[in-house]
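First comes the structure, then the notes that go with it.
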Amino acid sequence: MAFSDKSSRQSLIPSYLYSSTSTKAMAVERILQARPTTTVSPSVSDVEAVAVAPRKAFVVPSPAESGRKIEMYSPAFYAACTAGGILSCGLTHMAVTPLDLVKCNMQIDPTKYKSITSGFGILLKEQGVRGFFRGWVPTLLGYSAQGACKFGFYEFFKKYYSDIAGPEYAAKYKTLIYLAGSASAEVIADIALCPFEAVKVRVQTQPGFARGLSDGLPKFVRSEGALGLYKGIVPLWGHTMMKFASFETIVEMIYKYGIPRPKDQCSKELQLGVSFAGGYVAGVFCAIVSHPADNLVSFLNNAKGATVGDAVKKIGMLGLFTRGLPLRIVMIGTLTGAQWGIYDAFKVSVGLPTTGGVAPAAPAATELAKA
């Protein structure tokens, strides 16, 4: 597909990052085959040359050159995606607990927490260093559960809907496939996350409410009822659905316009860099678009019996779009980039390709179906 046009483009990326060792290996093999065969034993210098040669090749093998350990779309594949989701979401969200703590307090009480720096100062003065990590247990458990469901089921539903649509329509309407897959996965993921998120917000924004998850969860249920744990499910659902779809689109654009080589000829390091960059940009985009929803989640989980109408009346429409936005852009951008980087690094470590980029060629599948 216009490969010559792509290869003629100049790139700012060093060529050794996306070059493949297969062409060099073929060239060496041709040279060896062209040499006359003799029965003379190789000299020490020849042996040394062979031993030293691999060290001089400063080229990282592309993922296509390494044998795949797990079959695509097998039960082991979905299990690996689930494990990668647990690592990527649970660890990253726990790591940014201090930022999340300040963000939530800025959203709930902007008169007290006026800025990022003053917010950290107030928390340090009132609660000490340990106060920065209040709510880390529900954060770790909740987002580990969400990551397991949203990544594992996203891969499942993306394949499921693509099979229903068929190769031609799956390629034509791939963005709708991404949205449908992420929407279906996120319903399951947010059912798992919401109870932990509700307790986390209450613990972080109401000092003295509870020490953590063990005493906070039953106290929340007694106060709000079991259904109160799921007041923020709709805003959470919309946020992640957009994040997945935008990531896939951004990564595809990076490979199409920013790198003068097909994805399968790029090194693992470059592919993981693309995953992080795509995740970061997708995170920033979704942080801006879904910020009103995030403010609603914080408000609804902080006030007993609160409704969306109460939130709009108390915060105001402008406040929904702007309160705590700069901090959330930094936090969600970094968080999402790190999540996709960790997730794809785990996939690569078990022999799977990174997420996104050019999908498997639909024309070939279409021709096969016609035959």
Side-chain angles (χ1 to χ4, degrees), residues 85-147 192-220 223 229 232 236 239 276 279-280 283-284 287 291 294-304 315 319 322-343 345:
I86 293 173
L87 292 173
S88 67
C89 288
L91 295 178
T92 52
H93 275 275
M94 184 185 69
V96 298
T97 296
L99 286 174
D100 189 43
L101 185 64
V102 174
K103 173 188 73 72
C104 289
N105 279 283
M106 288 177 66
Q107 292 172 333
I108 298 302
D109 192 357
T111 57
K112 182 178 180 180
Y113 300 90
K114 297 180 180 179
S115 66
I116 299 173
T117 54
S118 67
F120 275 107
I122 292 170
L123 288 173
L124 181 62
K125 181 180 179 180
E126 294 182 351
Q127 302 176 35
V129 176
R130 293 183 62 182
F132 287 126
F133 292 92
R134 277 192 302 121
W136 74 269
V137 174
T139 298
L140 174 62
L141 296 180
Y143 282 96
S144 293
Q146 189 209 33
L193 170 65
C194 268
F196 298 97
E197 180 72 7
V199 175
K200 175 190 76 77
V201 171
R202 190 67 63 90
V203 168
Q204 290 180 336
T205 58
Q206 291 186 13
F209 170 76
R211 295 187 305 274
L213 180 65
S214 59
D215 59 332
L217 181 59
K219 190 172 182 179
F220 192 103
S223 174
L229 295 168
L236 284 170
H239 165 69
F276 176 82
Y280 194 94
V284 171
H291 191 62
D294 188 68
N295 271 315
L296 286 175
V297 170
S298 297
F299 184 88
L300 294 175
N301 285 326
N302 183 69
K304 181 179 179 179
I315 301 174
T322 59
R323 184 180 291 184
L325 180 60
L327 178 57
R328 188 161 183 265
I329 288 175
V330 174
M331 188 183 82
I332 298 298
T334 306
L335 197 66
T336 308
Q339 283 178 1
W340 281 107
I342 293 172
Y343 176 66

So which heavy atom on R323 is nearest to which on P110, and how close? CZ-CG, 3.2 Å
Which is it for L123 and L101 under the side-chain contact (heavy atoms from CB on, under 4.5 Å) test, yes or no, and what are the steps along the way? CA-CA 9 Å; L123 288 173; L101 185 64; 3.9 Å; yes
With rounding to the nearest 0.5 angstrom, report the CE to OG distance, M106 to S115. 6.5 Å
Could you pull out the closest heavy-atom pair between G212 and V203, with the gap in Å? O-CG2, 4.1 Å
Looking at G85 and Y343, what are the two nearest heavy atoms and their distance? N-CD1, 3.7 Å
I'd like to check the ring-ring contact (aromatic ring centres under 6.0 Å, His included) partners of Y280; sequence neighbours left out, ordered by chain and number. none
Just by modelled atom types, is the F209 backbone N or O under 3.5 Å from a matching donor or acceptor in the K219 side chain? yes
Residues which pass salt bridge (charged side-chain N to carboxylate O under 4.0 Å, His left out) with R202, listed by chain and number, not counting sequence neighbours: E224
Considering the options L99, I332, D100, which one meets the side-chain contact (heavy atoms from CB on, under 4.5 Å) requirement together with L327? L99
Return the CD to CD distance between Q204 and Q127, rounded to the nearest 0.5 Å. 10.0 Å
To the nearest 0.5 Å, what is the distance between CH2 (W340) and OG1 (T336)? 9.5 Å
Looking at residues at least two apart in the chain, or sitting in another chain, which of them share a side-chain hydrogen bond (donor to acceptor under 3.5 Å, both in side chains) with D109? T111
Separation between CE (M331) and OG1 (T92), nearest 0.5 Å, reads 10.0 Å
Please round to the nearest 0.5 Å and tell me the distance separating atom CD of Q339 and atom OG1 of T334. 11.0 Å
Could you work out, with side-chain hydrogen bond (donor to acceptor under 3.5 Å, both in side chains) as the rule, every residue matching Q107, not counting sequence neighbours? D294, N295, S298
Identify the heavy atoms of C104 and K200 that sit nearest to each other, and give their distance. SG-NZ, 4.0 Å
Using atom types as modelled, flag every donor-acceptor pair under 3.5 Å from a side chain in residues 136-144 to any protein atom, sequence neighbours excluded.
| from | atom 1 | to | atom 2 | distance (Å) |
| --- | --- | --- | --- | --- |
| T139 | OG1 | G135 | O | 2.7 |
| Y143 | OH | E197 | OE1 | 2.9 |
| S144 | OG | L140 | O | 2.6 |

Closest non-hydrogen atom pair, S118 against Y113: OG-C, 4.4 Å
Any donor-acceptor pair under 3.5 Å from S223 side chain to F220 backbone: no
Closest contact, heavy atoms only, R328 versus A287: NH1-O, 2.8 Å
Say you draw a straight line from CG of L335 to SG of C89; how long is it, rounded to the nearest 0.5 Å? 7.5 Å
Qualifying residues under salt bridge (charged side-chain N to carboxylate O under 4.0 Å, His left out), relative to K114, sequence neighbours excluded: none
